[in-house]
Amino acid sequence: MDELSAEDIRRYRGTPTEPGSNSPWRDRPREESLDLFRRMRAGEFPDGHCILRAKIDMAHPNINMRDPALYRIRHAHHHRTGDQWCIYPTYDFAHGQSDAIEGITHSICTLEFENHRPLYDWLLEHLPVPHRPRQIEFARLNLTWTVMSKRKLLRLVQEKYVDGWDDPRMPTISGLRRRGYSAASIREFCNRIGVSKTNSTVELSLLEFSLREDLNARAPRYMGVTDPVRLVIENWPRGHVEWFEASTSPVEGEGLVRKIPFSGELWIEREDYLEDAPRKWFRLAPDREVRLKFAYYVTCREAIRDETGEITEIRCTYDPESRGGDTPDGRKVKGTIHWVSAEHALPAEIRLYDTLFDRENPEEVDDFTTALNPDSLRICEGFLEPALAEIAPGDSVQFLRMGYFCRDLKNSAGPLVFNRSVSLKDNWARIVRNKREDE
RNA sequence: UGGGGCGUAGCCAAGUGGUAAGGCACCGGGUUUUGAUCCCGGCAUGCGCAGGUUCGAAUCCUGCCGCCCCAGCCA
């Protein structure tokens, strides 16, 4: 039992390059120590008055072996036992013993505990344990574009930078689940990155790939427009509605068949129209023809703008011969875009996520909260095809061409809310990016 | 300048004396009513560096270099 103050203990410990020296209490007779320990347990002393230490070697090159603390006084209130217990073991003292009692064979932990293993082993050797566990250390998982330490994540929650531990932007299991990450995709990700002792940071793209791979195989396809602009078909019979039958699977003969209403006024994705389109642009532009998925070919005639210059309506004509998405003359259209009939559309809140931080390594700045990405969440007022009303909270679907979305687990009572789990791979964006870099 | 770890491609990672797996990313091409998926091809004359041992070295030896962790009565 040592009665040195915390400050003195630190002084006696030495430094990594200089040995420490023995506490003046080190040779206290056992009976006296036992008595002190009993009284400490009985609550006779205030916090820090004395402490139980292991007698090992104050000159040991490993600082953890320089007479480490084992039991200290903490007058902490416990929700079950109240104030009756006031002494607590250190992590090092408890670790090996609890492993031994639980029959643990391989006690796996992270690299920073490597220096503690000699103490872990020393305690097991010197204490009456029922079994000898072995501690094995591995590198922790780090991911680009986020932080992983519990202490940092806690700050994000406490300081309200996110909505809670299950905010879909959090790299927590509950956050990933709410984002729409399946258990299978997370497991497959873990298989892919492996386990080693190398300090490493895995690229986020690998996590995203694992999700896409799983959802590509499982998620039914529907149509939803996230950033809507109105498309009017000038030669469509007024008030006419057609219903198309389409499968939710891209694979012939698989999936469920549901009906999709089509009419003369649709919502399409704002980004699917471009005024000055390059030659390789396959979507809508003045005088260009595209296929409306499952339905008809339409040719763009004009775009109508408001006073601010924003496009409010795109006017097209359709080819009645192209019903179903093919024409008798066999002419090809390069682009196929998704749509939702305006009259039948389900309004929905669609949440699009970006990385929580604005850089690959948020730890490179002094305070990681200054590296938060202000655009990590974008809330859209979108429109969905009617069949999407049947999707249960927590279920994943693909919105054609827009990515994989998961109906939010919370907010299940009110209007439809969908979280985007991950976008689809976007080769067009890549082409545009590469071209810009060439110029 | 003490001790404990780790260095194989842009990012992960196999490999333990027989001539550098695999995945992601990236780059080409094909198929496609999702610019998705799928398919085909490319991507380390080289394993932190320098010597040495060996018929043969990422693997063994020696010496360097770089990065991470440790001076809580935190975990």
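Note on naming: letters A, B, ... go to the chains in the order of the sequence lines (proteins, then strands), and numbering restarts at 1 for each one.
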What class does the angle between the rings of A:H95 and A:Y120 fall in, given that below 30° is parallel, 30 to 60° is tilted and above 60° is perpendicular? perpendicular
Given B:rC12, B:rG72, B:rC24, which nucleotide is nearest the side-chain atoms of A:L206? B:rC24
Determine the contact category for A:T144: base if any of its heavy atoms lies under 4.0 Å from a base atom, sugar-phosphate if only primed atoms, P, OP1 or OP2 are that close, otherwise nothing. nothing
Taking every non-hydrogen atom, the tightest pair across A:R169 and A:S376: NH1-OG, 2.9 Å
Heavy atoms only, 4.0 Å cut-off, all strands: where does A:A6 land among base, sugar-phosphate and nothing? base
Quick one: A:R218 CZ to B:rU37 P, roughly how many Å, whole number? 17 Å
Look at the side-chain N and O atoms of A:R13 and state whether any lies under 4.0 Å from the OP1 or OP2 oxygen of B:rC73. yes
If you look at every strand shown and take non-hydrogen atoms under 4.0 Å, does A:K334 touch a base, only sugar-phosphate, or nothing? nothing
What is the distance from CG of A:D426 to P of B:rA25, rounded to the nearest Å? 14 Å
Need one value for A:L292: base, sugar-phosphate or nothing, where a base atom within 4.0 Å counts as base even if backbone is also close, heavy atoms only. nothing
Check the orientation of A:F405 and A:F399. Use parallel for under 30°, tilted for 30 to 60°, and perpendicular for over 60°. parallel
Check every strand shown and say whether A:R140 touches a base, only sugar-phosphate, or nothing at a heavy-atom separation below 4.0 Å. nothing
Strictly below 4.0 Å: does A:R401 bring a side-chain N or O up to OP1 or OP2 of B:rG35? yes
What is the nucleic acid contact for A:S149, judged by heavy atoms within less than 4.0 Å: base, sugar-phosphate only, or nothing? nothing
How far, in whole Å, is B:rA21 from B:rG41 if one measures between their P atoms? 15 Å
Using the C1' atom in both, what is the distance from B:rC65 to B:rG51, to the nearest Å? 14 Å
So what does A:V422 hit on the nucleic acid, given a heavy-atom distance under 4.0 Å: a base, only sugar-phosphate, or nothing? nothing
Would you mind reading off the distance between A:I136 atom CD1 and B:rG5 atom P, rounded to a whole angstrom? 14 Å
Check the phosphate of B:rC73 against A:T90, side-chain N and O only, distance under 4.0 Å to OP1 or OP2. Yes or no? no
A:E269 CD to B:rU34 C1', straight-line distance once rounded to whole Å: 13 Å
Given atom CG of A:L211 and atom P of B:rU37, what is their separation to the nearest angstrom? 14 Å
Where does B:rG23 fall, syn or anti, if syn means a chi angle no more than 90° from 0? anti
Reckon A:N434 touches a base, only the sugar-phosphate, or nothing at all at heavy-atom distances under 4.0 Å? sugar-phosphate
Using the P atom on both, measure B:rG46 against B:rA9 and round to a whole Å. 13 Å
Distance check: side-chain N/O of A:R192 vs OP1/OP2 of B:rC11, anything under 4.0 Å? no
Please check if the distance between the ring centroids of A:W267 and A:F383 is under 6.0 Å. yes
Rounded to whole Å, how long is the line connecting atom CZ of A:F294 with atom C1' of B:rU32? 14 Å
Pick base, sugar-phosphate or nothing for A:H338, based on heavy-atom distances below 4.0 Å to the nucleic acid. nothing
Please tell me if A:K150 has a side-chain N or O lying less than 4.0 Å from either OP1 or OP2 of B:rA75. no
Nearest to side-chain heavy atoms of A:E112, which nucleotide of B:rC12, B:rC69, B:rA71: B:rC69
With heavy atoms under 4.0 Å as the rule, sort A:L400 into base, sugar-phosphate or nothing. base
Distance check, P atoms only: B:rU19 and B:rA25, in whole angstrom units. 30 Å
Say we look at B:rG7 and B:rU16: how far apart would their P atoms be, to the nearest angstrom? 15 Å
Taking donor-acceptor contacts at under 3.5 Å, does the side chain of A:R283 reach the base of B:rG35? yes
Check if the side chain of A:R212 and the base of B:rU37 share a donor-acceptor pair of N or O atoms closer than 3.5 Å. no
Could you give the distance separating B:rU8 and B:rA20 at their C1' atoms, to the nearest angstrom? 8 Å
Output yes when A:E363 and A:K152 qualify as a salt bridge under the 4.0 Å nitrogen-oxygen rule, no when they do not. yes
Could you work out the separation of B:rG30 and B:rA13 based on their C1' atoms and round it to a whole Å? 31 Å
Mind checking A:K293 for me? I need base, sugar-phosphate or nothing, with any heavy atom below 4.0 Å counting as a touch. base
What is the distance, rounded to the nearest whole Å, between atom NE2 of A:H75 and atom C1' of B:rC73? 13 Å
Heavy atoms only, 4.0 Å cut-off, all strands: where does A:L4 land among base, sugar-phosphate and nothing? base
Between B:rC67 and B:rC40, how far apart are the two P atoms, rounded to whole Å? 43 Å
Does a side-chain N-to-carboxylate-O contact under 4.0 Å join A:D214 and A:R218? yes
Of B:rC6, B:rC70, B:rC73, the nucleotide closest to the side chain of A:I63 is B:rC70
Would you classify A:T198 as touching base, sugar-phosphate or nothing, given that sugar-phosphate means primed atoms plus P, OP1 and OP2, and contacts are heavy atoms under 4.0 Å? sugar-phosphate
Are any of A:R430's side-chain N or O atoms less than 4.0 Å away from OP1 or OP2 of B:rG35? no
Looking at B:rA25, B:rU34, B:rA75, which one has an atom nearest to any side-chain atom of A:F209? B:rA25
Taking all non-hydrogen atoms of both residues, which atom of A:A219 and which atom of A:Q398 are closest, and how far apart? CB-N, 4.0 Å
Regarding B:rG10, can its base be found pairing with the side chain of A:E203 as donor and acceptor, where the two atoms are less than 3.5 Å apart? yes
Is the shortest side-chain N to carboxylate O distance from A:E269 to A:R283 below 4.0 Å? no
Please indicate whether A:D276 has more than 12 foreign heavy atoms, meaning atoms of other residues, nucleotides or ligands, lying under 6.0 Å from its CG. no
Could you check how far CG of A:D57 sits from P of B:rG2, rounded to whole Å? 18 Å
Please work out if A:D326 contacts a base, only the sugar-phosphate, or nothing of the nucleic acid, heavy-atom cut-off 4.0 Å. base
Would the base of B:rC69 count as contacting A:N115 through its side chain, where contact means a donor and an acceptor less than 3.5 Å apart? yes
